[in-house]
Amino acid sequence: MIHRWPSPGKLNLFLYITGRRADGYHLLQTLFQFLDYGDQLTIEPVNTGVVRLLTPLPGVAAEDNLIVRAAELLRRHPLAAKNKFSRPGADIWLEKRLPMGGGLGGGSSNAATVLVALNNLWQCGLDNMELARLGLSLGADVPVFVRGRAAFAEGIGEILTPASPPEKWYLVAMPPVSVSTPVIFADPALKRDSPARSLETLLREPFQNVCEPIARKHFYEVEQHLSWLLEYAPSRLTGTGACVFAEFDTETDARQVLEQAPAWMHGFVTRGVNVSPLHDTLAGAN
Ligand SMILES: C[C@@](CO)(OP(=O)(O)O)[C@H](O)COP(=O)(O)OP(=O)(O)OC[C@H]1O[C@@H](n2ccc(N)nc2=O)[C@H](O)[C@@H]1O
Ligand SMILES: Nc1ncnc2c1ncn2[C@@H]1O[C@H](COP(=O)(O)OP(=O)(O)O)[C@@H](O)[C@H]1O
């Protein structure tokens, strides 16, 4: 049986850095919301003991692909041995819509979708907490996608408090550059001393992303896209970039601005959602 699973994008509605851990990782305070837009994974569970990704991503070796790494992690988990297949394996196809290095969390979301979907299809019986813990070893943003609730994240992204920000409409613009997260985090000018504040306080203040001035400085395309959007609506960088988003109260308003966009700007309009489309699918599968 072949199954289709959504792998949604995310936005960081705000992002502050409050310090660093001893290992150099940055301590964040960020608000995650999902997008009703993203990649699609088609998964066929098979009893071969082999995980295959049949749609390679240019520039990413299969063994480095977060889809394969997530599936292997679950396959080797002691509890996965108890699953319905004697030799759990999977054939996986990816329809990629989220730009890589876009700050929309595509790779992390792909990993989370594989963990949640294969846990269901192989009937491993791991709970979301255990899947999120497994996911954290693949990337800081995997746990929020596994848990599937909009959340205020602290630590390096793994301390999650569910949140319910307004579900606005967004015009997400995709500058044609891939921003590597370490490039932004390595810049000495990055503001790393924001005071740690409560979610209530942060929700009352104007939302900011401290990575934005760094991404604008390093990448002309980010500067160009953000400057254009700011003429029409409140707009910010997501994550460490490259994507930027403008927020609107209605879909019509967002679409009107996209229609006026210059030829060099590519983007899409979608709604922010506080429950991940992945979890809507999971609820339907059970
Ligand atoms: C900062 C965020 C906000 O969403 O940026 P985006 O990647 O979404 O743009 C993410 O948490 C990023 O998560 P992710 O992209 O998975 O980063 P990882 O692969 O875990 O880490 C890549 C590298 O970034 C640096 N890094 C990452 C996360 C963090 N809190 N502090 C760091 O200093 C480390 O040098 C690490 O080796
Ligand atoms: N399945 C995958 N989808 C996207 N990127 C992946 C995947 N597997 C590994 N990667 C690597 O992870 C990097 C970050 O990708 P992505 O999560 O899309 O960006 P971001 O973290 O900026 O949102 C990519 O540049 C790529 O090298």
Side-chain angles (χ1 to χ4, degrees), residues 5 7-35 38-41 43 51 53-73 92-115 135-146 150-160 172 174-175 177-187 190 192 194 209-212 214-215 218-219 222 236-245:
W5 296 81
S7 183
K10 57 82 179 164
L11 294 178
N12 297 89
L13 298 183
F14 60 64
L15 192 155
Y16 304 98
I17 300 173
T18 57
R20 290 181 97 163
R21 292 198 317 201
D23 64 3
Y25 264 76
H26 291 73
L27 296 168
L28 314 175
Q29 287 195 310
T30 186
L31 183 59
F32 283 108
Q33 189 177 54
F34 304 104
L35 295 175
D39 301 340
Q40 284 281 343
L41 286 169
I43 303 180
V51 171
L53 177 64
L54 295 149
T55 47
L57 273 182
V60 183
E63 65 273 19
D64 296 334
N65 195 301
L66 288 160
I67 292 174
V68 175
R69 290 178 59 205
E72 289 295 344
L73 208 55
I92 305 177
W93 294 262
L94 167 67
E95 267 170 63
K96 196 94 195 127
R97 293 165 86 193
L98 299 169
M100 301 214 291
L104 299 176
S108 308
S109 179
N110 289 172
T113 293
V114 165
L115 291 174
L136 182 61
S137 67
L138 298 170
D141 287 351
V142 181
V144 73
F145 284 110
V146 167
F152 177 51
E154 298 176 278
I156 64 162
E158 83 288 15
I159 306 171
L160 298 170
V172 180
M174 305 181 288
V177 278
S178 175
V179 174
S180 131
T181 300
V183 165
I184 302 295
F185 279 134
D187 192 310
L190 179 65
R192 299 177 164 88
S194 295
N209 179 339
V210 294
C211 299
E212 189 176 293
I214 309 297
H218 283 283
F219 300 95
V222 174
R236 278 184 307 289
L237 186 80
T238 174
T240 55
C243 291
V244 294
F245 61 98

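All residue numbers in this chain count up from 1 along the given sequence. When a ligand or atom number is given, it counts from 1 through the structure's own listing order. Nothing here was measured: the structure is a model prediction, and the numbers come from that model.
Each of the atoms 17 (O), 18 (O), 23 (O) of ligand 2 lies under 4.0 Å from some heavy atom of Gly106. Each of the following atoms of ligand 1 lies closer than 4.0 Å to a heavy atom of Gly24: 33 (O). Of all the atoms in ligand 1, the ones that sit under 4.0 Å from a non-hydrogen atom of His26 are 29 (C), 30 (N), 31 (N), 32 (C), 33 (O). The distance from ligand 1 to the heavy atoms of Pro182 drops below 4.0 Å at these ligand atoms: 23 (C). Each of the atoms 9 (O) of ligand 1 lies under 4.0 Å from some heavy atom of Gly103. Heavy-atom proximity to Met100, at under 4.0 Å, picks out these atoms of ligand 2: 4 (C), 5 (N), 18 (O).
Taking OH of Tyr16 as the reference point, atom CG of Leu31 lies at 9.5 Å (rounded to 0.5 Å). To the nearest 0.5 Å, atom CZ of residue Phe245 and atom CG of residue Leu35 are 9.0 Å apart. Atom CG in Leu11 sits 6.5 Å away from atom CG in Leu104 (nearest 0.5 Å). The structure places OG1 of Thr240 at 12.5 Å from CG of Asp187, a figure rounded to the nearest 0.5 Å. Rounded to the nearest 0.5 angstrom, Ile156 CD1 and Tyr25 OH are separated by 5.5 Å. Annotation: the span from Leu28 atom CG to Arg20 atom CZ amounts to 11.5 Å, rounded to 0.5 Å.
Shortest contact from atom 19 (O) of ligand 1 to any protein heavy atom: Gly139 CA, 4.6 Å. Protein heavy atom in closest approach to atom 26 (C) of ligand 2: Val60 CG2, 4.0 Å. From the protein, the heavy atom lying nearest to atom 1 (C) of ligand 1 is Phe185 CZ, 3.6 Å. Among protein heavy atoms, atom 3 (C) of ligand 1 sits closest to Asn12 ND2, 3.7 Å. Here the heavy atom of the protein found nearest to atom 8 (O) of ligand 1 is Lys10 NZ, 2.7 Å. Here the heavy atom of the protein found nearest to atom 17 (O) of ligand 1 is Thr181 CG2, 4.4 Å. Nearest protein heavy-atom neighbour of atom 20 (P) of ligand 2: Gly103 N, 3.6 Å. The single protein non-hydrogen atom nearest to atom 21 (O) of ligand 1 is Tyr25 OH, 3.8 Å, given as residue, atom name and distance. When only non-hydrogen protein atoms are considered, atom 17 (O) of ligand 2 lies nearest to Gly107 N, 2.8 Å.
Ligand 2 has an N or O atom lying under 3.5 Å from an N or O atom of Asn65, backbone or side chain. Residue Ala140 places at least one N or O, backbone or side chain, under 3.5 Å from an N or O of ligand 1. Below 3.5 Å of separation, one finds no N or O of Leu57 facing any N or O of ligand 2. For the pair Lys96 and ligand 2, the shortest N or O to N or O distance falls below 3.5 Å. On a distance-only criterion, Gly101 and ligand 2 share at least one N/O pair closer than 3.5 Å. Taking distance alone, with nitrogen or oxygen atoms compared against 3.5 Å, Asn110 approaches ligand 2 more closely than that limit. At least one N/O-N/O distance between Leu66 and ligand 2 falls below 3.5 Å. By the 3.5 Å distance cut-off applied to N or O atoms, Leu94 is not counted among the residues near ligand 2.
Classification of the Phe185-His26 ring pair by plane angle, with boundaries at 30° and 60°, yields parallel.
Asn65 places no side-chain N or O within donor-acceptor distance of the main-chain N or O of Val60, the cut-off being under 3.5 Å. With hydrogens and angles ignored, the 3.5 Å screen pairs no side-chain donor or acceptor of Thr55 with any backbone N or O of Trp93. Under a 3.5 Å cut-off, the side chain of Ser109 and the backbone N or O of Gly9 do not form any donor-acceptor pair. Judged by distance alone, the side chain of Glu212 and the main-chain N or O of Leu237 form a donor-acceptor pair under 3.5 Å. Between the side chain of Arg236 and the main chain of Phe14, no donor-acceptor pair closer than 3.5 Å is present. Between the side chain of Lys10 and the backbone N or O of Gly103, at least one donor-acceptor pair lies under 3.5 Å.
Between Ser7 and Asn110, the closest heavy-atom pair is OG-ND2, 2.8 Å. Minimum interatomic distance between Leu66 and Ser108 (heavy atoms only, all atoms of both residues): CD1-N, 4.2 Å. Contact detail for Leu190 and Cys211: the closest heavy-atom pair is CD1-CA, 4.1 Å.
Selection from Thr238, Leu237, Asp141, Ile156 by nearest heavy atom to atom 2 (C) of ligand 1 gives Asp141. Checking Gly105, Gly241, Ala140, Gly239 against atom 23 (O) of ligand 2, the nearest heavy atom belongs to Gly105.
Within a 4.0 Å radius of atom 4 (C) of ligand 2, the protein contributes at least one heavy atom. There is no protein heavy atom closer than 4.0 angstrom to atom 35 (O) of ligand 1. Taking a distance limit of 4.0 Å, we find that atom 31 (N) of ligand 1 is approached by some protein heavy atom.
Exactly one residue among Asn209, Asp141, Asn12, Thr238 makes a side chain to side chain donor-acceptor pair (under 3.5 Å) with Thr30. That residue is Asn12.
Only the backbone of Leu104 comes within contact range of ligand 2, with a heavy atom under 4.0 Å; no side-chain atom does.
In this structure, Ser178 falls outside the shell of residues with a heavy atom less than 4.0 angstrom from ligand 2.
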